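As the structure is a computational prediction, the values presented were derived from the model and not from experiment. Throughout, a chain's letter reflects where its sequence line sits, starting with A, and its residues are numbered from 1.
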Protein chains: 2
Amino acid sequence: MKREIEGIVFDIDGCVARGKKAIPGVPDTLDELRRRGIRFTFLTNDNQYTIATWVERLAAMGIPASANEVLTSAVIAASVTRELYAERKILAFGNTGLIEALQNQELTLLGAEQANQAEVVVVGKDPTFDQNKLNLACQAIWNGAEFIATNYDPKVPTANGFAPATGPMVKAIAYATSKEPLVTGKPSHWSGEMAMKILGVPPERGAVAGDRLPQDIAMGKQAGLFTILVLTGGTSAEEAATAPLELTPDLILPDINHLIDWMN
Amino acid sequence: MKREIEGIVFDIDGCVARGKKAIPGVPDTLDELRRRGIRFTFLTNDNQYTIATWVERLAAMGIPASANEVLTSAVIAASVTRELYAERKILAFGNTGLIEALQNQELTLLGAEQANQAEVVVVGKDPTFDQNKLNLACQAIWNGAEFIATNYDPKVPTANGFAPATGPMVKAIAYATSKEPLVTGKPSHWSGEMAMKILGVPPERGAVAGDRLPQDIAMGKQAGLFTILVLTGGTSAEEAATAPLELTPDLILPDINHLIDWMN
């Protein structure tokens, strides 16, 4: 049975783009969704780059998007931090994408020299993360601070193989302190819920579309969204058919462009 | 039934010293062991400091020891690396204690600029560990390199609480690569076996004495040593009595000085 969908969270790589190029037809599909008044957002677990950078990146891929049509795990983390700990003092380790997102939520960010006052530690991918920052994060958590991570991805694919993602340094802190973080990025339910909140769409009228079962579909299921697997990325229809229930999409489409046909 | 003991591995803190002072009577006990021809070594999971530094530290605690009576997890890691991978190219991340130990084993150490040739990655506590070193270690392991860690301790006690130990950065690499390291320090069997090898004593005539069940006693059991718990540190006789079999010491002594009585 078909759901009335008012808002969609799109994964980027493997869903609307492949590498550095839009999947053919996607710009037209997005235009059609806009004309129908369906709100959508592109959601990436990246937390290093700002929304402005992502708007440029998407444009360079051939995907026009406005700033309020893009979400990163940094923006999700900042939104969750604001919702749970608006009045607390925040120690954040991350790149510009995370720091800007936290500042946009008007949260109180501590400098490293004030780290001993921290009530919440927020960690993303920080190119300058080192033993000193590890120690500051651990001391804060041993002193009782909350612990939020943008995501827990162990690695990201690159042109030549892999690179360590945000997860390893988050894991280092978790291992030292025996405290696991609240993870806000995919596949946690927070991403889907917060994306719908930002779109202004109730979860029961929301959907997620993506190419990966353990990230996109898992998040959608946990957030109560309608889940759509597209076959333009890393997952085959066979894999989807044999997946456990919590990873089985509600709908499988050859590509995102078939969304319009399905809606008609 | 009493064992004939020819070699003993002593834990340091809580066994022969407490904080920065020798436990009273210990220097005399050690002298008596020396007179009887019993070989011994002090074993610490520290891997940052050199053997020379440890000899000084022990002397400052009131415990005279020669350089060949001290072992660190760095020396153990270097000995294991030598035994398993003598001809391989080594990428090492650690402090002077680890680098010196590897050099003493005449292993081939790569500079960071040769990291892509690494066949074995050896990791200890490295005060300059950062995202770049994380990436180099991960790339080497993704390329098939072996992975050795001096120890996996999550934290170490300090005067004011805790500090992150060697384990967190080891865990970061393990998490990124999905490859767990071969751990050479306590509580792994490697420490006990390698200590006995260095002492020239067969395990069935060796013993370990320490104050911690999951470190000292666990290592001794796994290495086939006679295990002696002393009550001068973090463990009570009650805890020892209710421990699982693999952590139950063969002998419990009030302190190390009672070793001589027990031997008589």
Donor-acceptor pair, side chain of A:Gln131 and main chain of B:Asp126, under 3.5 angstrom
yes
If you compare all heavy atoms of B:Ala172 against all heavy atoms of A:Ala172, which two are closest, and at what distance to 0.1 Å?
CB-CB, 4.3 Å
With a 4.5 angstrom heavy-atom cut-off, which part of B:Lys125 approaches chain A: side chain, backbone, both or neither?
side chain
A:Gln139 (side chain) donor-acceptor with B:Phe162 (main chain) under 3.5 angstrom:
yes
Could you have a look at A:Pro168, A:Cys138, A:Gly161 and say which one has the most heavy-atom pairs with chain B under 4.5 angstrom?
A:Pro168
A:Asn135 to B:Ala163 - nearest heavy-atom pair and separation
OD1-CA, 4.4 Å
Please flag which part of B:Pro127 lies under 4.5 Å from any non-hydrogen atom of chain A: side chain, backbone, both or neither.
backbone
Take B:Leu134 and A:Met169, measure what side chain to side chain contact (heavy atoms under 4.5 Å, CB included) needs, and give me the verdict at the end.
CA-CA 9 Å; B:Leu134 171 68; A:Met169 289 305 183; 4.0 Å; yes
For the backbone of B:Tyr152 and the side chain of A:Tyr175, can you confirm whether one donor and one acceptor N or O come within less than 3.5 Å of each other?
yes
Using a 6.0 Å cut-off, check whether atom CD of B:Glu113 has over 12 heavy atoms from anything other than its own residue.
yes
If you count heavy-atom pairs within less than 4.5 Å of chain A, which of B:Thr128, B:Asp130, B:Val170 leads?
B:Asp130
